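All figures in this text were calculated on a predicted structure; none of them were measured in a lab. Atoms within each ligand, like the ligands themselves, are counted from 1 in listed order. Both backbone and side-chain heavy atoms feed into the values below; hydrogens, waters and symmetry mates do not. Along the sequence shown, residues are numbered consecutively beginning with 1.
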Amino acid sequence: MLAAPDKITRNINTALSSLRRGDLVAFPTETVYGLGADALDEIAIKKVFQAKGRPADHPLIVHIASQDQLSNWAIDIPETAWTLAKSFWPGPLTMILRKHPAVSNLITGGQSTLGLRIPNHPLTIELLKQFGSGLVGPSANKYGHVSPTTAAHVSADLGTELGAILDGGACTVGIESTIIYLAGERPSILRQGAITAEEISAVLNIDVQIENQKIVRTSGSHDSHYAPHTPMHLVKPVDLIGTVIEYLAKHKNFSVISFQPKPIDLFATVYWQKVDTNPKTYARSVYANLRTHDQLNNAAILIEQVPNEDIAWAAIADRLFRASTKK
Ligand code: TXA
Ligand code: MG
């Protein structure tokens with residue numbers, strides 16, 4: 001159900017009073033919108049899991065306003081964390097550190113580690129500063145569904161369950177933060193994002209590996225995630241036209257998201273969207289595109305594979321793979 005329009009606000013004070021009352025408040029970040037709640041309020045934390053329909057053993061990350069707050073939430077913070085914070089915060093990087101004993105087990109699903117990040121959005125940084133503490137913030141969508149990159153997307157998924165939606169416009173990055181694990185022997189990447197393994201390796205001066213397939217506790221690494229309700233299939237560029245012809249034999253209306261333009265005069269009944277070949281531009285609109293095509297209630301969404309072997313596309317390729325329907 002959609003939120004009442006008056007819940008969508010640009011007013012930080014409205015959002016703050018909602019949070020202080022123990023209500024949920026969606027907030028904008030540069031990556032995707034977060035489903036915020038007071039990270040010190042266990043009742044509010046439970047509401048987050050309930051609203052999303054998320055299993056209790058899938059940990060939440062905590063958003064903070066500044067590096068000074070890091071030691072309120074984590075212990076044994078390694079030098080690498082401070083180096084990364086200096087280079088990438090505020091920004092799309094979540095660090096997994098050993099949790100401070102005071103952090104609620106409800107946030108971490110009983111794990112001894114905690115994800116933390118300073119998001120790069122002026123409204124939310126101001127909100128966090130004035131709030132003075134941390135906010136838990138999973139992506140503000142129903143569990144398994146496409147992440148939200150506008151206030152309207154949040155409203156469509158979680159409308160009535162929220163005290164307020166702080167509207168900070170469309171997210172500029174468009175896919176979730178890179179997650180780096182810093183609580184073990186060697187840093188490793190659990191979820192790819194706008195900050196690449198190469199950039200992190202360069203800053204740390206070591207070769208940081210990507211392990212996102214192996215980590216079961218990262219909910220984004222489960223089979224179906226970021227997914228539209230309409231069956232979505234990844235198609236290799238060389239197979240695209242052949243697949244469209246095959247589908248036309250069975251279905252009148254379906255969607256195609258492709259780098260190629262719609263062949264002139266052909267495929268009149270196909271909802272064809274030509275997308276940008278720049279990975280940053282692509283990432284910014286990928287979730288909005290999936291939501292738009294999903295609303296058409298067509299038979300399927302055929303989406304052209306992105307260049308898998310190119311590091312600049314790696315995080316997008318990862319999301320599309322997880323969002324696509326498994327055969
Ligand atoms: O960009 C983002 O990170 C967004 C914005 C709102 O900040 N948030 C976000 O949260 O994507 P969420 O909950 O949708 O994804 C966070 C991921 C989950 O897959 C969760 O399982 C994983 O981080 N995670 C959280 N704490 C963890 C931990 N201690 N160890 C391993 N994975 C963890
Ligand atoms: Mg999520």
Side-chain angles (χ1 to χ4, degrees), residues 24-37 39 45 48-49 51-64 73-74 88-100 103-121 124-125 127-128 134-149 153-154 157-158 165-166 168 171-184 187-195 211-227 283 287 315 318-319 322-323:
L24 305 181
V25 171
F27 59 84
T29 82
E30 77 282 35
T31 60
V32 301
Y33 274 72
L35 175 56
I45 296 164
V48 170
F49 283 94
K52 268 190 77 96
R54 178 166 171 145
D57 64 349
H58 290 242
L60 305 178
I61 68 173
V62 170
H63 297 74
I64 52 176
W73 299 92
F88 299 116
W89 276 359
L93 182 73
T94 296
M95 298 194 216
I96 307 289
L97 296 164
R98 287 194 58 202
K99 88 172 185 79
H100 191 288
V103 175
S104 167
N105 279 317
L106 291 180
I107 297 180
T108 60
Q111 296 192 66
S112 58
T113 54
L114 174 71
L116 285 147
R117 107 174 173 98
I118 304 180
N120 191 12
H121 192 291
T124 294
I125 291 189
L127 177 77
L128 286 164
L135 290 178
V136 291
S139 51
N141 50 274
K142 288 282 185 189
Y143 182 63
H145 193 218
V146 184
S147 298
T149 53
H153 294 164
V154 176
D157 266 32
L158 294 166
I165 301 173
L166 188 59
C171 302
T172 53
V173 172
I175 56 172
E176 305 76 3
S177 61
T178 305
I179 301 183
I180 184 156
Y181 186 77
L182 294 173
S188 61
I189 290 173
L190 305 187
R191 180 174 72 185
Q192 298 183 82
I195 295 173
E211 282 193 57
N212 54 347
Q213 309 294 358
K214 293 184 212 148
I215 306 296
V216 222
R217 278 294 177 96
T218 305
S219 65
S221 71
H222 281 246
D223 263 348
S224 185
H225 229 82
Y226 318 111
Y287 287 143
D318 169 73
R319 301 307 191 279
R322 293 173 204 281

Check: of P28, S177, C171, min heavy-atom distance to atom 2 (C) of ligand 1 comes from S177
Does any donor atom in the side chain of E176 or S139 lie under 3.5 Å from an acceptor atom in the other side chain? no
Taking 4.0 angstrom as the limit and counting only heavy atoms of T113, give me the atoms of ligand 1 inside it, by number and element. 28 (C), 29 (N), 30 (N)
Are any of the heavy atoms in P119 under 4.0 Å away from ligand 1? no
Looking at P59 and Q111, what are the two nearest heavy atoms and their distance? CG-NE2, 3.2 Å
Less than 3.5 Å between some nitrogen or oxygen of H58 and one of ligand 1, yes or no? no
Strictly under 6.0 Å, is that where the ring centroids of H145 and Y226 end up? no
Ligand 1 to G34, heavy atom cutoff 4.0 Å, flagged ligand atoms 6 (C)
On a heavy-atom basis, which atom in I180 and which in P187 lie closest, and how many Å separate them? CD1-CB, 3.9 Å
Under 3.5 Å, is there a donor on one side chain and an acceptor on the other for S177 and T31? no
For A74 and L116, which heavy atoms make the closest approach, and how far apart are they? CB-CD1, 4.0 Å
Indicate yes or no: does an N/O atom of T31 lie under 3.5 Å from an N/O atom of ligand 1? yes
Run the side chain to side chain contact (heavy atoms under 4.5 Å, CB included) check on K52 and N141 step by step: do they pass? CA-CA 6 Å; K52 268 190 77 96; N141 50 274; 3.6 Å; yes
E176 neighbourhood, listing ligand 1 atoms whose heavy-atom distance to it stays under 4.0 Å: 1 (O), 11 (O)
Kindly confirm or rule out an N or O of R54 lying under 3.5 angstrom from an N or O of ligand 1. yes
Of the listed options S112, A194, A140, P59, closest to atom 20 (C) of ligand 1 (non-hydrogen atoms): P59
With a cut-off of 4.0 Å, which atoms of ligand 1 are near a heavy atom of L190? 31 (C)
For ligand 1, which atoms have a heavy atom of G137 less than 4.0 angstrom away? 6 (C), 8 (N), 10 (O)
Need the ligand 1 atom indices (1-based, order shown) with element for anything under 4.0 Å from a heavy-atom of H63. 5 (C), 6 (C), 7 (O)
Could you tell me whether ligand 1 has any atom less than 4.0 Å away from a heavy atom of V32? yes
Gap between atom CG of L127 and atom CZ of F27 - 0.5 Å precision: 8.0 Å
Below a 4.0 angstrom heavy-atom separation, can you tell me which part of I179, side chain or backbone, both or neither, approaches ligand 1? side chain
Step by step, would you call Y181 with T113 a side chain to side chain contact (heavy atoms under 4.5 Å, CB included)? CA-CA 9 Å; Y181 186 77; T113 54; 4.2 Å; yes
The Mg ion (ligand 2) and S139: any N/O/S contact shorter than 2.8 Å? yes
Would you say T29 and R117 are linked by a side-chain donor-acceptor pair, where the criterion is simply a distance under 3.5 Å? yes
Ligand 1 contacted by R117 (non-hydrogen, < 4.0 Å): yes
